[in-house]
Peer 1: 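This is the structure I have questions about; it appears just below.
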Amino acid sequence: MSEPQIVRLVTGEELLCTIIDTNPLHVTIETPLIIIPTSDGNIQFLPYMGYADFKTLPIRVQDVMFVVNPSKQLSDKYKEATGAIMTPASKIVT
């Protein structure tokens, strides 16, 4: 699994997802979670289009404002929420 990314759409939606392919017409993502700010200053994740059945979702390039890397904490939460295998930072015990 690739590292998660935050994709901001022209609609203002921010998706925490994995980008699996890009071409001149589309950015294809999988397992998107929409980031929703809460009234207490935190954020919440919900499945994007949780009522739809899809594995991958192509998004037109013109509908993407930008793509950025999430913080490590956000990336770890995404991996935890999507069931991705997380490997701890290796430390040598002497």
Side-chain angles (χ1 to χ4, degrees):
M1 172 180 254
S2 302
E3 287 299 309
Q5 303 284 306
I6 298 173
V7 176
R8 172 101 185 224
L9 303 178
V10 295
T11 57
E13 297 164 309
E14 292 179 344
L15 305 179
L16 185 58
C17 60
T18 303
I19 296 175
I20 58 170
D21 187 41
T22 58
N23 64 50
L25 298 177
H26 294 97
V27 174
T28 304
I29 63 173
E30 70 178 355
T31 322
L33 300 176
I34 189 164
I35 301 171
I36 300 174
T38 62
S39 61
D40 61 357
N42 292 313
I43 57 174
Q44 178 180 3
F45 304 118
L46 292 175
Y48 185 65
M49 295 182 61
Y51 46 83
D53 184 22
F54 63 90
K55 176 145 176 69
T56 61
L57 181 65
I59 301 172
R60 297 181 314 171
V61 168
Q62 65 261 37
D63 293 328
V64 174
M65 288 182 68
F66 55 82
V67 176
V68 294
N69 294 322
S71 68
K72 174 153 178 29
Q73 182 182 13
L74 204 57
S75 179
D76 288 347
K77 290 288 185 187
Y78 175 81
K79 291 174 184 177
E80 182 181 311
T82 59
I85 298 173
M86 296 177 54
T87 54
S90 61
K91 293 183 180 180
I92 298 175
V93 178
T94 57

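In this text the structure is predicted, and so the values were computed from the model without any measurement. Position 1 is the first residue of the sequence; numbering continues from there. Below, each value reflects all heavy atoms present in this structure, side chains not excepted, and no hydrogens, waters or symmetry copies.
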Peer 1: Can you tell me how far the CD atom of Glu3 sits from the OG1 atom of Thr18, to the nearest 0.5 Å?
Peer 2: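 Reported to 0.5 Å precision, the distance equals 8.5 Å.
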Peer 1: Going by side-chain contact (heavy atoms from CB on, under 4.5 Å), Leu15 matches just one of Val67, Ile59, Ile35. Which one?
Peer 2: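 Testing Leu15 for a side-chain contact (heavy atoms from CB on, under 4.5 Å) against Val67, Ile59, Ile35 leaves exactly one candidate, Ile59.
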Peer 1: Closest heavy-atom contact between Lys79 and Pro4?
Peer 2: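 Lys79 and Pro4 have their closest heavy atoms at CE-CD, 3.9 Å.
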Peer 1: Are Ile34 and Met65 connected in a single hydrophobic cluster, I mean Ile/Leu/Val/Met/Phe/Trp/Tyr linked by side-chain heavy atoms less than 4.5 Å apart?
Peer 2: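 No, Met65 does not connect to Ile34 through the hydrophobic network.
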Peer 1: Do the side-chain N and O atoms of Ser71 and Gln73 include a donor-acceptor pair separated by under 3.5 angstrom?
Peer 2: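 No, no side-chain donor-acceptor pair sits under 3.5 Å.
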Peer 1: Could you tell me the separation between the NE2 atom of His26 and the OG1 atom of Thr56, rounded to the nearest 0.5 Å?
Peer 2: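 Atom-to-atom, His26:NE2 and Thr56:OG1 are 11.0 Å apart.
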Peer 1: Find out if a path of hydrophobic residues (ILVMFWY) with successive side-chain heavy-atom gaps under 4.5 Å connects Val27 to Leu9.
Peer 2: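 Val27 and Leu9: one cluster.
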Peer 1: Can Ile6 be reached from Phe66 by stepping across I, L, V, M, F, W or Y side chains whose heavy atoms are under 4.5 Å apart?
Peer 2: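 Result: yes, single cluster for both.
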Peer 1: Within the structure provided, determine whether Ser2 and Ile19 are in side-chain contact (heavy-atom separation under 4.5 Å).
Peer 2: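 Sidechains of Ile19 and Ser2: no contact.
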Peer 1: To the nearest 0.5 Å, how far apart are CD1 in Ile36 and CG in Asn42?
Peer 2: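 The CD1 atom of Ile36 sits 13.0 Å away from the CG atom of Asn42.
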Peer 1: Do you know the tightest heavy-atom contact between Leu33 and Ala81?
Peer 2: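 Closest approach of Leu33 to Ala81: CD1-CB, 4.1 Å.
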Peer 1: Is any side-chain heavy atom of Tyr48 closer than 4.5 Å to a side-chain heavy atom of Ile29?
Peer 2: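 Counting from C-beta outward, Tyr48 and Ile29 never come under 4.5 Å.
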Peer 1: Restricting to non-hydrogen atoms, name the atom on Pro70 and the atom on Gln5 that form the minimum distance, rounded to 0.1 Å.
Peer 2: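 That closest heavy-atom pairing would be CD-CA, 3.9 Å.
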Peer 1: Looking at Val10 and Gln62, what are the two nearest heavy atoms and their distance?
Peer 2: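 Closest heavy-atom pair between Val10 and Gln62: CG1-O, 3.7 Å.
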Peer 1: Could you see if Leu74 belongs to whatever hydrophobic cluster contains Leu46? Use Ile, Leu, Val, Met, Phe, Trp, Tyr and a side-chain cutoff under 4.5 Å.
Peer 2: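 They do not share one cluster, since no chain of ILVMFWY contacts under 4.5 Å joins Leu74 to Leu46.
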Peer 1: Do you know the tightest heavy-atom contact between Leu16 and Tyr78?
Peer 2: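 What the structure gives for the nearest pair is O-CE1, 3.3 Å.
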Peer 1: Identify the two heavy atoms, one from Phe45 and one from Lys77, that lie closest to each other, and give their separation to 0.1 Å.
Peer 2: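 Where Phe45 meets Lys77 most closely, the heavy atoms are CE1-CB, 4.0 Å.
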Peer 1: Could you give me the CA-CA distance, side-chain angles and deciding distance for Val61 and Leu25, then say whether side-chain contact (heavy atoms from CB on, under 4.5 Å) is met?
Peer 2: CA-CA 6 Å; Val61 168; Leu25 298 177; 5.5 Å; no
Peer 1: Any chance CG of Asp40 has more than 12 other-residue heavy atoms, nucleotides or ligands included, within less than 6.0 Å?
Peer 2: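 Above 12, so yes.
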